[in-house]
Amino acid sequence: MVRGIRRPRSNGMLPLLALHTFSEYYRLDRKPPITAGLIAANSLIYLRPDFLDPILPSIEEVGFNPHLILKYGDLKRFFLSPFFHVGESHLVYNMLSLLWKGIPLESSMDSAEFASMVAVLLGMSQGMSLLISKSLLLFFDYDWSFYSEYSVGFSGVLFAMKVVLNSQTENSYVYGIPIPSHYAAWAELALAQMLVPGVSFVGHLSGILAGLVYVWLRGSYNGSDPLTAIFRGVFGVLKWPLRFLQRLFPRRQVSGRGPVGWSQRGMSVSGFWRCHACTHENSAWLDVCEMCSTNRRGDGYGSGMGSPQSPHDSGHLTLEELRRRRLERFSR
């Protein structure tokens with residue numbers, strides 16, 4: 001979170017964010033959708049394209065201000081302020097942090113549980129900010145600047161996510177420095193206050209406290225929380241159109257890694273054939289097994305592909321022999 005309200009300025013960092021996000025997701029087998037959605041949502045809100053500009057409030061209307069929230073019940077400041085950023089560097093730094101924290105967290109749980117966690121951490125961190133600011137005013141008469149300041153940004157939630165992520169490991173890194181995980185968030189809080197001017201101390205502190213409370217609650221509660229169940233239901237409804245399209249347009253594989261299940265020896269029901277020698281599934285386009293070079297017809301003669309093998313010999317190949325033959329095949 002950053003104090004104050006300033007008009008955003010572009011300095012060309014968003015393409016770097018997009019490139020880094022794409023490269024990270026490209027290498028993943030499972031693409032975490034909620035993390036990508038959060039990055040896209042924050043970026044779109046910052047860019048304010050024409051089709052969104054009429055419905056998006058201005059950054060001045062959503063800046064988190066404890067005084068306005070508690071006195072006037074201005075809840076849009078409570079819920080929307082994390083998704084607004086005062087500048088491109090502020091946005092990119094937070095979204096890179098979200099990328100690095102969101103991918104491992106969402107990959108360690110299902111997306112519905114991750115979405116529930118983010119929603120809970122957002123509400124708890126914002127609530128902690130209100131509680132701390134109001135307490136400082138009531139008990140210490142400290143009005144400047146926590147109770148009347150404006151702040152925006154996703155970093156409060158990110159500090160909470162860091163606590164949750166660190167609870168799964170023993171050691172962590174803060175700006176390249178190895179630190180025990182229990183102290184990593186506190187070290188990052190101290191360094192952020194010293195190195196980054198204008199950051200919200202209460203917002204970051206509230207994120208850490210929210211993360212600690214969440215970890216404690218999850219450790220003392222077994223089973224799925226009601227919010228996760230709601231998200232699972234919503235995701236299930238959203239997947240219906242995708243499943244319908246998948247039935248209409250089933251994916252066809254052209255590699256040798258087809259589904260198990262075949263109607264007759266050597267031929268799969270899905271356009272693949274299974275080698276009778278090593279049981280490897282091969283594409284219908286191939287006449288020779290890409291694993292052991294056995295002919296599709298089982299007569300021991302390939303059509304110019306692989307080495308001829310007799311059915312008797314190929315049916316008793318050892319795993320080492322299969323491995324050797326495949327290496328020979330693909331090293332040509």
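The model shown is predicted, which means the values in this text are computed figures rather than measured ones. Worth knowing before you read on, the calculation uses all heavy atoms, side chains too, and leaves out hydrogens, waters and symmetry mates.
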For residues 17-28, pull every pair meeting salt bridge (Lys or Arg N to Asp or Glu O under 4.0 Å), keeping only residues two or more places apart or in separate chains.
Glu24-Arg27
Would you indicate whether the side-chain heavy atoms of Met194 and Leu191 approach each other to under 4.5 Å?
yes
Specify the closest pair of heavy atoms between Glu60 and Arg77, including all atoms of both residues, with the distance to one decimal.
O-NH1, 3.2 Å
Between His204 and Phe159, does the ring centroid distance fall short of 6.0 Å?
yes
For Asn166 versus Ala184, what's the shortest heavy-atom pair and its separation?
ND2-CB, 3.4 Å
Classify the ring geometry of Phe83 against Phe154: parallel below 30°, tilted from 30° to 60°, perpendicular beyond 60°.
tilted
Please round to the nearest 0.5 Å and tell me the distance separating atom CD1 of Ile39 and atom NE2 of His20.
9.0 Å
If I compare all heavy atoms of Phe78 with all of Ile69, which pair ends up nearest, and what's the gap?
N-CD1, 3.9 Å
Ser181 side-chain N/O to Thr169 backbone N/O, donor-acceptor pair under 3.5 Å:
yes
List for me each residue that meets side chain to side chain contact (heavy atoms under 4.5 Å, CB included) alongside Val163, sequence neighbours excluded, and say none if there are none.
Ala185, Ile208, Leu212, Val215
Using every non-hydrogen atom in the two residues, find where Leu189 and Leu205 come nearest and quote the distance to one decimal.
CD1-N, 4.1 Å
Tell me, do Asn94 and Asn42 make a side-chain contact under 4.5 Å, heavy atoms counted?
no
Going by heavy atoms in the side chains, are Pro66 and Lys134 under 4.5 Å from each other?
no
Mind running side-chain contact (heavy atoms from CB on, under 4.5 Å) on Leu91 and Leu14 for me, showing each step along the way?
CA-CA 9 Å; Leu91 170 72; Leu14 276 174; 3.6 Å; yes
Is there a donor-acceptor pair under 3.5 Å between the side chain of Ser97 and the backbone N or O of Tyr93?
no
Do you know the tightest heavy-atom contact between Gln126 and Ser81?
NE2-OG, 3.0 Å
Could I get the full list of side chain to side chain contact (heavy atoms under 4.5 Å, CB included) partners for Leu28, not counting sequence neighbours?
Lys31, Pro32, Ile103
Derivation and outcome, side-chain contact (heavy atoms from CB on, under 4.5 Å), residues His67 and Leu137:
CA-CA 10 Å; His67 171 69; Leu137 178 66; over 6 Å; no
Compute whether any side-chain donor of one residue and acceptor of the other, for Glu106 and Ser111, lie under 3.5 angstrom apart.
yes
I need the minimum non-hydrogen distance between Leu105 and Met117, along with the two atoms involved.
CD1-CE, 3.9 Å
Any chance the side chains of Ser133 and Glu149 put a donor and an acceptor closer than 3.5 Å?
no
